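For reference, the structure discussed in these notes is given below.
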Amino acid sequence: MESPLEAQQPPAYGAHQADMTETTEEQPTLNGLAKKIQKLTQNLTESLEKNGVAPCTFAVNSPATYSTDSPEIFMMRQTLIENLQDMIYLVQGPNESIFNYAHSVIPDAACLNILNYFNFWDAVPLDGSASYTEISKHVNLPQDVVERILKHATSLRIFSETEPGKRTTRIQHSFRSAPLARSKGLQGLVATTLDVAGAPMMAMPQALEKYSSGKPELTGDINETAFALLHHDDAYGKFANTWDMLEHDGAGSKKGWRQRQFTDFMEYIKEIFSLEDVVSDSFDWGSLGSATVVDIAGSAGVDAFHLATKFPALRITVQDLPQVAPVFQKNHAALEEDLRSRVSFVEHDMFDPQPISADVYLIKQILHDWPDAEAVKLLRALIPALRPGARVILVEYIGSKEDGEGGEEEEEEVPRILRGMGSATDLRIMALFNTKERPVSAWRRIFTEADERFEVKDVKAEKTAFYAVVEAVWRG
Ligand SMILES: C[S@@+](CC[C@H](N)C(=O)[O-])C[C@H]1O[C@@H](n2cnc3c(N)ncnc32)[C@H](O)[C@@H]1O
């Protein structure tokens with residue numbers, strides 16, 4: 001068998017010649033990239049300064065983000081990251097870039113997942129340090145395990161040692177671990193993407209082989225996902241799908257813990273994508289006057305509270321699964337009386353017939369997690385409650401371009417790193433739901449398939465926006 005080192009030997013001369021003839025474009029070089037990076041860095045730092053944005057640093061109290069809503073600065077950072085990534089690939093060379101990646105990507109992810117699962121973040125004070133023995137007691141794991149995990153974590157600049165390499169060393173927060181101690185939303189993101197989705201994603205080859213190999217397209221059956229394959233018996237917890245896991249994993253004081261984490265994650269996503277504005281701009285809510293709205297699978301009510309605050313004539317009912325109720329009630333209790341009286345929560349399975357006749361049904365970030373058959377089923381479940389003229393507002397992440405839209409040139413304009421974020425989500429929802437990020441045309445089709453009496457009246461899907469809004473009217 002070839003050793004890893006042998007695998008990194010340059011190819012034979014003939015093979016190298018063949019490669020050379022394949023590419024005519026000028027290739028980036030180390031020096032060329034270095035110059036570009038220098039220039040991009042200079043432009044970025046100047047823009048940050050001009051816009052009064054505090055730069056991030058390596059200090060524990062560094063700003064957690066470059067807090068600015070300037071799209072220019074955001075894009076400048078993405079372009080710089082992309083070039084830095086190319087620089088790393090080129091410094092490593094092709095073989096080593098794959099070898100290093102394959103070697104580390106899973107241990108890195110597992111390490112972060114363990115730190116988050118056992119809440120190492122709270123085991124170390126933000127303004128001090130903790131010994132391995134103290135951390136081990138706090139997270140309830142053997143000290144040897146704690147030391148080994150933290151050894152890898154510190155290599156990723158997650159936590160740091162007070163006296164690197166010494167037996168007397170203690171652990172302190174670093175600029176990458178401190179934000180996790182401060183943000184439940186960031187913890188929720190790590191839990192959802194690594195702890196819930198990580199193992200299913202590693203089971204994707206087996207699921208694809210079992211259910212989709214040799215077929216013209218991916219199975220659309222939610223019972224044939226990588227998640228379902230992994231969780232079909234008790235080894236990893238027996239759950240039909242992700243929502244079943246979020247709802248039912250944990251008993252006693254842990255009951256509902258995954259839903260709590262998930263609602264924190266949803267709140268975090270809302271902040272990152274400024275989703276409050278997307279929701280309030282999704283429809284002319286003010287034109288409704290006094291009206292009723294149902295926020296289907298509205299989680300802990302964040303959107304409902306925002307809409308009710310901005311539009312005082314609206315009465316909003318949030319529907320979601322039972323374990324979300326306590327999180328909603330906690331948020332609800334903190335509201336002012338007027339707002340509290342206009343927003344309520346009802347446990348409701350969105351696939352059951354809709355019990356409330358409302359003027360508008362908001363369905364935000366729901367359908368992209370379900371295959372076509374379930375998406376159609378959800379829309380049909382509304383029909384018993386729909387009065388002619390009732391609206392259904394879909395707010396969904398735009399996962400791919402409209403069919404036939406945007407040639408290669410446009411593809412090129414989106415930095416590779418952003419396309420990668422989109423395709424990463426697409427693979428994750430393949431593993432969890434056997435679904436995919438759909439173009440806007442797919443939402444129209446799903447409405448028509450659900451019932452011809454849904455008329456898609458308006459679609460807002462600007463190319464630069466992350467979210468699309470589809471408004472349908474029930475013609476009855
Ligand atoms: C991705 S979140 C979106 C939440 C919210 N609409 C938002 O945009 O923040 C999906 C929500 O669907 C809920 N959900 C999943 N299955 C459901 C079902 N069968 N009935 C009702 N809600 C469900 C989950 O509990 C979760 O709150």
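These numbers come from a predicted model, not from an experiment. In what follows, every heavy atom counts, from backbone to side chain, and hydrogens, waters and symmetry copies are set aside. Order of listing sets the numbers, starting from 1, for every ligand and every atom in it.
In this structure, Trp370 and Phe351 have perpendicular ring planes: the angle between them is above 60°, well past the 30° mark.
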Item checked: Evaluation steps, side-chain hydrogen bond (donor to acceptor under 3.5 Å, both in side chains), between Tyr361 and Gln354 -> CA-CA 10 Å; Tyr361 298 85; Gln354 176 58 241; 5.3 Å; no
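Here Phe175 and Phe159 keep their ring centres 6.0 angstrom or further from each other.
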Per-pair distances, ligand 1 N/O vs protein N/O, less than 3.5 Å:
from, atom 1, to, atom 2, distance (Å)
ligand 1, 6 (N), Ala297, O, 2.9
ligand 1, 6 (N), Lys364, O, 2.8
ligand 1, 8 (O), Lys364, O, 3.2
ligand 1, 8 (O), Lys364, NZ, 2.8
ligand 1, 8 (O), Gln365, NE2, 2.9
ligand 1, 19 (N), Asp349, OD1, 3.2
ligand 1, 20 (N), Met350, N, 2.9
ligand 1, 25 (O), Gln259, NE2, 3.2
ligand 1, 25 (O), Asp320, OD1, 2.6
ligand 1, 27 (O), Asp320, OD2, 2.7

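Here Asp303 pairs with Lys364 in a salt bridge; the nearest charged N to carboxylate O distance falls below 4.0 Å. The pair Asp86-Arg416 meets the salt-bridge criterion, since a charged nitrogen lies less than 4.0 angstrom from a carboxylate oxygen.
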When the side chains of residues 199-217 are checked against the rest of the protein, which donor-acceptor pairs come out under 3.5 Å, sequence neighbours left out?
from, atom 1, to, atom 2, distance (Å)
Ser212, OG, Thr219, N, 3.1
Lys215, NZ, Tyr211, O, 2.8

